[in-house]
Amino acid sequence: MKYKNLHPWDVDPNQAIQIQKQLRDQLILQKTQETYRRIAGADVSYDKGSDILYAAVVVLELPSLQIIEEASAVGRSTFPYIPGLLVFREAPILLKAFEKIRQEPDVIMFDGQGIAHPRGIGIASQMGLWLDKPSIGCAKSKLFGDYREADLGAKAGSYTPLTYRGKIIGAVVRTRDNVSPVFVSAGHKIDLATSIELVLKSCQGYRIPEPTRQAHNLVNKIRVEGDKSKAPGGTQMDLFG
DNA sequence: GCGACAG
DNA sequence: ATCTTGTCGC
């Protein structure tokens, strides 16, 4: 999978904010496709105190949710985690993983915000722009916006709008009965209704929809394998050293 | 000044 | 994100 030239490497936070403000207006916030047969999920993981990042991309078939392709990448972090600038930390390694994908997805789900972001361009939106693909933000917690807990039903499938200054920027979506909701927002080349629909259609009894859940599983798998090769015989050293 | 703050 | 034990529920 090929992406646009803009490189998120070696930028400083001030420059990053300018890039986001500039890219913001290029977002397309409408449904650009009627059917979605392949959905991808992407995620990044790392060890505490380490600057090695692991990324995974999993492509699933819709509506079966069967995995048809997986790809991963490992790299060194070049940017710290700063709320609002997550994409500059995770994009380089994510793009490396996306390069290996051969089954082009119709839409990509990211573990983070879409336009529900201080500058209207979270990781899902910016990655969608760079990859030139429809994208959805599905985060486990809120970064930006307001909503009322009382307006959200307890059953799976219910949702309530996430707003900012009266404008709807996303939705708080219950994916399981009586379980904390996820925060969904349009990324790029898609609308909120379709984003919510795809998130709900992608759930398999877990709080996290399959695309990002499977990507999370894979990224943790390769991270653990990476640890093993880095510290062989670690268990015995702990016992006798 | 104070609270909030994706992963 | 990661570090962690027990615990509540289907």
Side-chain angles (χ1 to χ4, degrees), chain A residues 8 13 16-17 20 24 41-57 72-95 97 108-129 135-149 154-156 162-165 169-173 175-188 195 199 203-209 211-213 215-227 230-231 234 238:
Chain A
I17 290 171
Q20 289 189 326
R24 168 67 185 83
D43 195 25
V44 170
S45 176
Y46 55 92
D47 290 310
K48 188 178 185 178
S50 164
D51 61 347
I52 304 297
L53 297 183
Y54 301 82
V57 175
S72 60
V74 183
R76 195 166 290 275
S77 71
T78 60
F79 202 95
Y81 168 66
I82 300 171
L85 299 177
L86 175 65
V87 67
F88 294 96
R89 174 174 176 76
E90 300 196 344
I93 186 68
L94 278 174
L95 292 172
I108 307 168
M109 186 180 294
F110 289 89
D111 190 354
Q113 311 295 340
I115 62 167
H117 177 277
R119 284 170 295 280
I121 178 163
I123 187 169
S125 300
Q126 205 164 319
M127 290 299 296
L129 216 44
S135 62
I136 300 169
C138 182
K140 298 181 294 300
S141 60
K142 190 191 79 173
L143 170 67
F144 189 69
D146 310 297
Y147 71 100
R148 290 186 305 175
E149 190 71 53
K155 288 179 133 185
L162 182 65
T163 64
Y164 179 65
R165 292 182 178 174
I169 59 174
V172 187
V173 181
T175 54
R176 274 194 73 177
D177 293 355
N178 305 309
V179 164
S180 56
V182 295
F183 297 78
V184 179
S185 53
H188 179 49
S195 300
V199 164
C203 288
Q204 286 287 288
Y206 296 92
R207 177 193 178 213
I208 306 300
T212 45
R213 196 178 77 85
H216 190 75
N217 286 347
L218 176 59
V219 79
N220 280 325
K221 191 173 129 185
I222 67 166
R223 182 171 61 83
V224 169
E225 287 170 358
D227 281 355
K230 204 168 61 180
D238 289 345

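Order of the sequence lines fixes the chain letters, A, B, ..., with proteins taken first and strands second; residue numbering starts at 1 for each chain.
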- For C:dT2, does either OP1 or OP2 sit under 4.0 Å from a side-chain N or O belonging to A:Asn220? yes
Ordered by number, residues from residues 141-149 of chain A within less than 4.0 Å of DNA chain B (heavy atoms) are A:Ser141, A:Lys142, A:Leu143
Taken to the nearest whole Å, NZ/A:Lys140 to C1'/B:dG7 is 7 Å
Counting N and O atoms only, with roles assigned by atom type, does the side chain of A:Arg89 sit under 3.5 Å from a partner on the main chain of A:Phe79, one being a donor and the other an acceptor?
yes
> Judged by atom type as modelled, is there a donor-acceptor pair below 3.5 Å linking the side chain of A:Arg176 to the main-chain atoms of A:Gly205?
Replying inline: yes
Output for pair (A:Ser180 OG, A:Glu149 CD), nearest 0.5 Å, gives 9.0 Å
Heavy-atom check, side chain of A:Gln20 versus side chain of A:Gln126, under 4.5 Å: yes
Atom NE2 of A:His117 and atom P of B:dA6 are separated, to the nearest Å, by 11 Å
Taken to the nearest whole Å, CE/A:Met127 to C1'/B:dA6 is 14 Å
note: A:Gln113, atom CD; C:dA1, atom C1'; distance rounded to Å ~ 15 Å
Practice item. Look at A:Arg223 and C:dT2 and indicate whether a side-chain polar atom (N or O) is within less than 4.0 Å of OP1 or OP2. Key: yes
Residue set satisfying side-chain contact (heavy atoms from CB on, under 4.5 Å) with A:Ala97, at least two apart, ordered chain then number -> A:Ala55, A:Val57, A:Ala73
Per-nucleotide protein contact along nucleotides 5-10 of chain C, 5' to 3', at a 4.0 Å heavy-atom cut-off (B base, S sugar-phosphate only, - neither), is ------
Exercise for the section: Would you indicate whether the side-chain heavy atoms of A:Ile136 and A:Val184 approach each other to under 4.5 Å? Expected result: yes
Report task. State, yes or no, whether a side-chain contact exists between A:Ile208 and A:His216 at a heavy-atom distance under 4.5 Å. Result -> no
Check your understanding: Is any side-chain nitrogen or oxygen of A:Tyr81 closer than 4.0 Å to OP1 or OP2 of B:dA6?
Key -> yes
Looking at side-chain heavy atoms only, is the closest gap between A:Leu85 and A:Ile17 below 4.5 Å? yes
Item checked: Derivation of the side-chain contact (heavy atoms from CB on, under 4.5 Å) call for A:Leu162 and A:Lys142 -> CA-CA 9 Å; A:Leu162 182 65; A:Lys142 190 191 79 173; 4.1 Å; yes
Ring pair (Phe, Tyr, Trp, His ring centres under 6.0 Å) filter on A:Tyr46, not counting sequence neighbours, yields none
(Q) Base, sugar-phosphate or nothing for A:Leu85? Non-hydrogen atoms, less than 4.0 Å. (A) base
Residues at least two apart in sequence or cross-chain that pass ring pair (Phe, Tyr, Trp, His ring centres under 6.0 Å) with A:Tyr164, listed by chain then number, are A:Phe144
TODO: Using a 4.0 Å heavy-atom cut-off across all strands, classify A:Gly84 as base, sugar-phosphate, or nothing.
DONE: base
Per-residue pairing states of DNA chain C in dot-bracket (Watson-Crick or G-U under 3.5 Å; . unpaired, | other strand) read ..........
- Message: Whether A:Ser45 contacts B:dG7 is assessed here as follows: a side-chain N or O lying under 4.0 Å from the phosphate OP1 or OP2. Is that the case?
- Response: no
To the nearest angstrom, the NE2-P distance between A:His216 and B:dG7 comes to 10 Å
